[in-house]
Participant: 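Pasting in a structure now, in structure tokens, and then I'll have a few things to ask.
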Amino acid sequence: MADPGRLLVVDDEQSVSITIKAILEQEGYEVFAVQSAVEALDLLAQRSFDVALVDLRLDRVDGVDLLEAIHTRQPDCVAIVLTGYASLESAVRAIRKGAYDYLTKPCDLDELKLTVARALERVTLVRALRERVADLEAANAKIRSLADDLQRRVDQATADLSRKVDELAMANARLEEAHRQRDEFISMVVHELRQPLTTVGGYAQLLARPNVPPEAQEQARAAIVTETRRLARLVQDLADVSRLTSGRFRIQPTCCDLVEIAREQVELARVSAGQQVLSLVAPERLPIVCDPDRIAQVLSNLLANAVKYAPGGEIRVTLSASEGHALVSVSDQGPGIPEDRVEAIFQPYVRLAARGAPPGSGLGLFIARGIVEAHGGRIQVESVAGAGSTFVVVLPREAAVRPAPVEETVGA
Ligand code: ADP
């Protein structure tokens with residue numbers, strides 16, 4: 001059952017306070033009746049009241065002061081003043097001070113009951129209103145926190161999205177670069193295949209003609225052999241790249257003399273060199289465990305590049321041995337390699353875009369690095385732009401020999 005309401009009656013006329021208490025208790029309220037302001041303040045300190053009926057003319061204390069005290073201590077408690085006709089003026093004063101209503105003494109019974117019932121209803125309404133306001137404030141706070149949360153999530157999602165957009169833009173740029181390199185590679189392969197094929201075709205037709213002088217026949221045969229070698233080299237390079245990128249590349253290490261390999265490659269390079277002077281600075285012998293064909297291929301590539309890209313001056317091959325390692329360097333006096341490209345040139349299909357650069361596939365240094373690394377070694381270039389390049393190969397003399405199955409052949 002709902003709380004019937006707790007009332008405080010303050011009147012210094014005992015008969016009045018007792019009568020009012022009795023009447024209101026009959027209405028089902030819990031009623032406390034006292035005759036002085038001191039007693040009233042005492043009770044107010046012990047329990048809370050819904051309605052206080054206060055006589056305005058209390059002994060020693062102005063009832064209005066008591067009203068103020070009630071209002072300060074229990075702001076929810078609704079005050080009704082009890083007053084005689086003579087003090088109507090003070091009743092008005094009391095109402096101005098916040099009293100809810102007034103009753104003139106002697107009180108009409110029905111009016112008393114009705115006024116108290118209305119006051120209690122007001123108390124209930126005020127409390128309900130306060131609860132609603134509290135509910136609304138809680139709902140508001142929740143909405144605010146949800147809105148903040150939503151904003152945080154939107155911010156987070158926006159940041160994620162913009163990061164993804166950046167990543168996509170980067171991936172797209174990489175893809176475009178990969179497409180560009182692939183297109184370049186295809187045109188390079190077409191170019192590299194077409195040129196020797198045209199030459200071979202032309203010379204073959206020449207040889208088919210009657211009465212070709214023996215010198216022209218010899219020149220045609222030599223050109224066919226050279227161009228066929230060039231084709232075979234390209235096919236071999238493509239096969240190597242495919243093995244290197246798929247992890248199927250293997251070497252066959254064996255004991256050999258690095259000086260012998262280098263001497264042979266320098267001799268071969270001398271044949272194709274133009275203005276350059278090729279020299280070899282090496283000890284008598286430099287025994288090493290390596291795959292001689294593959295190391296010869298590395299040297300051949302470095303020397304061919306020096307001949308191609310460094311048109312004059314000296315090309316020097318230097319061999320030396322240090323603690324467990326063999327060092328081979330190939331230096332030239334050509335244009336050198338810009339500092340920011342010294343790593344890039346070891347990537348497949350990367351060529352420095354020099355005007356009128358000799359033809360090439362951009363695969364040689366990638367394969368050279370693959371071969372050297374398969375031996376457990378490393379290759380790098382030291383270069384001063386405009387003052388030549390030095391390619392340095394470091395190989396372990398005992399080769400970090402990986403188990404070497406039979407070397408695959410082209411097309412395998
Ligand atoms: P290719 O010679 O077929 O282009 P490489 O992988 O052997 O391919 O070389 C990559 C690029 O590195 C060359 O295109 C050239 O621009 C540059 N390069 C290589 N060696 C030298 C060198 N000795 N001097 C200057 N540039 C060089």
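Order of listing sets the numbers, starting from 1, for every ligand and every atom in it.
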Participant: Any idea which atoms of ligand 1 are less than 4.0 Å away from a heavy-atom of L363?
Facilitator: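 Answer for ligand 1: 6 (O), 8 (O).
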Participant: Measuring from atom 5 (P) of ligand 1, which candidate in L365, T390, V330, V381 has the nearest non-hydrogen atom?
Facilitator: L365
Participant: Does ligand 1 have a heavy atom under 4.0 Å from the side chain of N301, from its backbone, from both, or from neither?
Facilitator: side chain
Participant: Mark the output for F391 as yes if a heavy-atom distance to ligand 1 is under 4.0 Å, and as no if none is.
Facilitator: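 It does, in that a heavy atom of F391 comes within the 4.0 Å cut-off of ligand 1.
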Participant: Tell me which one of L352, I367, I315, D332 gets a heavy atom nearest to atom 17 (C) of ligand 1.
Facilitator: L352
Participant: In the protein, what heavy atom is nearest to atom 19 (C) of ligand 1, and what distance, to one decimal place, separates them?
Facilitator: N305 ND2, 3.5 Å
Participant: Has V350 got any heavy atom lying under 4.0 angstrom from an atom of ligand 1?
Facilitator: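 The answer is yes, since V350 has a heavy atom less than 4.0 Å from ligand 1.
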Participant: Does the ring of F249 carry R243 above it, NZ/CZ under 6.0 angstrom from centre and within 45° of its axis?
Facilitator: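 Here R243 fails the 6.0 Å and 45° test against F249.
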Participant: Look at ligand 1 and say whether A310 reaches it with a heavy atom at a distance under 4.0 Å.
Facilitator: no
Participant: Restricting to non-hydrogen atoms, name the atom on A216 and the atom on L206 that form the minimum distance, rounded to 0.1 Å.
Facilitator: O-CD2, 4.3 Å
Participant: For the pair Q74 (side chain) and L44 (backbone), establish whether a donor and an acceptor sit closer than 3.5 Å, ignoring hydrogens and angles.
Facilitator: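 It does hold such a pair.
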Participant: At the 4.0 Å heavy-atom cut-off, does K308 count as touching ligand 1?
Facilitator: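 The answer is yes, since K308 has a heavy atom less than 4.0 Å from ligand 1.
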Participant: Would the F32 and F49 ring centres measure less than 6.0 Å apart?
Facilitator: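 Close enough - the centres of the two rings lie under 6.0 Å apart.
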Participant: May I ask you to identify, for L302, whether its side chain, its backbone, both or neither come under 4.0 Å of ligand 1 on a heavy-atom basis?
Facilitator: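 It is neither; nothing of L302 touches ligand 1.
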Participant: Does ligand 1 have any atom that is closer than 4.0 Å to a heavy atom of G334?
Facilitator: no
